[in-house]
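Structure record follows, encoded as structure tokens.
Just so it is clear: chains get the letters A, B, ... in the order the sequence lines come, proteins before strands, and each one is counted from 1. The model shown is predicted, which means the values in this text are computed figures rather than measured ones.
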Protein chains: 2
Amino acid sequence: MPHAHKDQDTPELLLENQLCFAVYSAAHAFTAAYKPLLDQIGVTYPQYLVLLVLWEADGSSVGEIGGKLNLDSGTLTPLLKRLETQGFISRNRDKNDERVVRVSLTSLGRDARIHAVAARRAIVCSLEKTEPEIHKLKALVTELDDRLRTSAPNR
Amino acid sequence: MPHAHKDQDTPELLLENQLCFAVYSAAHAFTAAYKPLLDQIGVTYPQYLVLLVLWEADGSSVGEIGGKLNLDSGTLTPLLKRLETQGFISRNRDKNDERVVRVSLTSLGRDARIHAVAARRAIVCSLEKTEPEIHKLKALVTELDDRLRTSAPNR
DNA sequence: ACTTATTATGTTGCGCGCAATTTAATTGCG
DNA sequence: CGCAATTAAATTGCGCGCAACATAATAAGT
């Protein structure tokens, strides 16, 4: 009978079989692909995500931005300070509730949007997929995301 | 005629239409889902990825590990030092080429594998998908990764 | 009103992740 | 052989990303 090498033979832990690593690696690949395009605008990839939120909902609070991007104030506060320093946004306390900070686009921040459209198109092009294919894949990945977030901790 | 709000109406930049953000978010969700399981082993998620490589190819060099995980020495050197401090690996210069550092599992590092199998199964279970479905999705995401990495910079 | 929760943001500390540079060993070429 | 490229790791600096804690404002309950 074959000697079992401990249990080393299981294909379960082979790197090439890990969906988690595929997603991890693709996320970094997206960041790297966007980098030269975002460099021209002058923002990092996470900063770009914040701008995406603001282009849809200018004047969002830090908490609202964090809710959409799954980021907390520990990440967002310094990131927003950098976006403010570079002139893309302004941060102001809400007059009706001094706890919340509202984030507003400056004209520079609004103008960056047109360049972002071009960047997005360049990336989509490099994927060599149709918009429906991309949308379908996006839905599959979002389903993953939802199940991972609803399963274990919730907090 | 409808007043065009600049070009604000384009759905291209809506967060919910961004495959890149879906992947970004899912990657963080994987890390968060693995965290409580890996905490029991005593490693972080990137450290777990390094262990995956070593369980397949013990004695790999820093460069070989980095090649598989797409990480450079700037990330790996301190990470490996932490894994060494915690007793999972040892690091030694290659006798035939003093430039390369070979990374070897300790018995603690080898023993951690069995716990990793359990962790992986728990995650897969929470995805509520069959192994073939997971494999198919993994292939789609890897295809994305490949196209993103081969398109623009190459270095 | 007063005290106690709760909520929103900010701060600190640490581990990635990557660009840029440095150091040391090896290879190539004359 | 001797010296200039090349290669592998390590180092430095900075921006995330998150846990844990701190601060300040508001809401809730008595």
If we ignore hydrogens and angles and just use 3.5 Å, is the side chain of Thr75(B) paired with the main-chain N or O of Leu71(B) as donor and acceptor? no

Scan Ser61(A) against the nucleic acid and name what it touches under 4.0 Å (heavy atoms): base, sugar-phosphate only, or nothing. sugar-phosphate

Quick check against the 3.5 Å criterion: does Arg147(A) have a side-chain atom that pairs as donor or acceptor with the backbone of Glu128(B)? yes

Only one of Val62(B), Ile89(B), Ile65(B) passes side-chain contact (heavy atoms from CB on, under 4.5 Å) with Val50(B); say which it is. Ile65(B)

Donor-acceptor pair, Ser60(A) side chain versus Ala57(A) backbone, under 3.5 Å? yes

Measure across Ala27(B) and Val23(A) and return the closest heavy-atom pair with its distance rounded to 0.1 Å. N-CG1, 3.5 Å

By nearest heavy atom, map Leu79(B) and Val62(A) onto DNA chain C; which one lands nearer the 5' end? Val62(A)

Return the minimal non-hydrogen interatomic distance between Thr106(B) and Gly87(B), and the atom names on each side. OG1-O, 2.5 Å

For residues 67-78 of chain B, which residues have at least one heavy atom under 4.0 Å from DNA chain D? Ser73(B), Gly74(B), Thr77(B)

Flag the pair Phe30(B) / Tyr24(A) as yes when their ring centroid distance falls below 6.0 Å, and as no otherwise. no

What is the base-pairing partner of dT7(D), counting Watson-Crick and G-U wobble geometry with both distances under 3.5 Å? dA24(C)

Outermost nucleotides of DNA chain C that come under 4.0 Å of a non-hydrogen atom of chain A: dT7(C) to dC18(C)

Is it true that Ser25(B) and Asp145(A) share a donor-acceptor pair across their side chains at a distance under 3.5 Å? yes

Under the salt bridge (charged side-chain N to carboxylate O under 4.0 Å, His left out) criterion, do Lys138(B) and Glu143(B) qualify, and how do the steps go? CA-CA 9 Å; Lys138(B) 190 265 167 196; Glu143(B) 184 187 44; over 6 Å; no

Specify the residues of residues 91-101 of chain A, ordered by number, for which at least one heavy atom lies under 4.0 angstrom from an atom of DNA chain D. Asp97(A), Glu98(A), Arg99(A)

Audit row: Glu84(A), Arg91(A), salt bridge (charged side-chain N to carboxylate O under 4.0 Å, His left out) steps and yes/no: CA-CA 7 Å; Glu84(A) 185 177 38; Arg91(A) 303 186 308 139; 3.2 Å; yes

